[in-house]
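Here's the structure we're looking at; comments come further down.
The first residue of the sequence shown is numbered 1, and numbering continues consecutively from there.
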Amino acid sequence: MSPPPPPLGRVRRRAAQTFDEALDDEELVAARAALAQGRWQNSRSLLVRTGDDWDRRGHRITVLAREPSCAAWARDWLLAEPDSGDGAALLALAQVRRALRGKDKPARAREACHRAAAALPADPTPWLGLLLLERAQGADGDAVRVFEQIRSRYADHHHAHHLVVAWLAERRVEAGPDPLHEVYDFANWSAEQAPADSPLAILPVIAHAERYRALAASGHERADPAASGHWMGRRARQVMKAAFDWWLEWEHEEHPRRLIDLNFLAHAKVCEGRGAEAAALFHRIGDKATPVPWSYPDRDPLTAFRTARTAALGTG
């Protein structure tokens, strides 16, 4: 039986209200609010409108899947429309989220993802669900295999590349800093393979931050990113400059996950000590902060973001 909707008059409190995974997608915010009330038809309409914009589709489904009752409402959707691929994809991602929280068995989530993938052969989103699962619980070979399935459907998948970079950054961390680490090679290769207007151009910056997170967590870098020196080497500066110069010329500001990239880039400029460039990014970000990378390695992300923004913009 599906859970009852919360009272219409109650203000629902979210755990990190300042950090909203929906970012600036107002249609997604509205559909998520409706889903919380059991009105899955709004999510259905949203996904129909999204079509095969795979980055946006993946973003929207993963955010909807975080709604606590999403799995129950997705099952209601499939009772009404048993052949709905969108409903199957939403249920699959919801079960992945439940499995990652220890609320469901990983095997059931994997089965749901495979069912959704069979219903939607061209859609990389069910495979994104599997990658989220394997990233946390699977063997290395499984993550690679799943990532290849995603790339075969959409070679420039933004979220998938970020997940792989975060996973690779944790490998061989016991050896300490290594400028030739595989995560840098992967990020550089992915950026070179992507189209000129793809936000994967910023992936080397993501790799640098993720490697810092892994090194700092293992005691190989200082816990204060701005004082660690990780962003001060020649190679690091070249990466940051290339990414910032690319962003200045980027004309596709509608990408659904661009604010994640902007937060990573602003964080890098703060750590690099480039206040003017950081200020330009903070102006574009506004109040749409993301928990990562401001939380790296173990910091309060909201405090870190506000402190950095205040210093860059000169506001109190």
Flag for Gln149-Arg145: side-chain donor and acceptor within less than 3.5 Å:
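Note: Arg145 and Gln149 side chains miss the donor-acceptor criterion.
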Would Trp54 and Asp123 count as having a side-chain donor-acceptor pair, cut-off 3.5 Å?
no
Could you pull out the closest heavy-atom pair between Cys113 and Gly129, with the gap in Å?
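Answer, listing the atom of Cys113 first, then Gly129: SG-C, 4.1 Å.
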Compare every heavy atom of Leu120 with every heavy atom of Gly85, then report the nearest pair and how far apart it is.
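Taking every non-hydrogen atom into account, O-CD1, 3.2 Å.
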Would Glu111 and Arg108 satisfy salt bridge (charged side-chain N to carboxylate O under 4.0 Å, His left out), going step by step from the backbone distance to the final call?
CA-CA 5 Å; Glu111 290 172 6; Arg108 289 186 59 190; over 6 Å; no
Which of parallel (below 30°), tilted (30 to 60°) and perpendicular (above 60°) describes [X] and [Y]?
| X | Y | answer |
| --- | --- | --- |
| His255 | His158 | tilted |
| His208 | Tyr184 | tilted |
| Tyr154 | His157 | perpendicular |

Do you know which of Asp20, Asp25, Asn42 makes side-chain hydrogen bond (donor to acceptor under 3.5 Å, both in side chains) with Arg32?
Asp20
Would you call Asp261 and Arg257 a salt bridge, taking side-chain N to carboxylate O under 4.0 Å as the test?
no
Checking the side chain of Arg213 only, and the main-chain atoms of Tyr296 only, is there a donor and an acceptor separated by less than 3.5 Å?
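Answer holds: no.
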Is there side-chain contact between Glu27 and Arg49, with at least one heavy-atom pair below 4.5 Å?
yes
Answer with yes or no after comparing the ring centroid distance for Trp167 and His162 against a 6.0 Å cut-off, counting only values under it.
no
Are Phe147 and Trp127 near enough that their ring centres are under 6.0 Å apart?
no
Going through the checks in order, is the side chain to side chain donor-acceptor pair (under 3.5 Å) test met by Arg60 and Thr50?
CA-CA 9 Å; Arg60 286 175 164 175; Thr50 307; 2.7 Å; yes
Residues at least two apart in sequence or cross-chain that pass side chain to side chain donor-acceptor pair (under 3.5 Å) with Arg172, listed by chain then number, are none
For Arg98, what residues pass the side chain to side chain donor-acceptor pair (under 3.5 Å) criterion, not counting sequence neighbours?
none
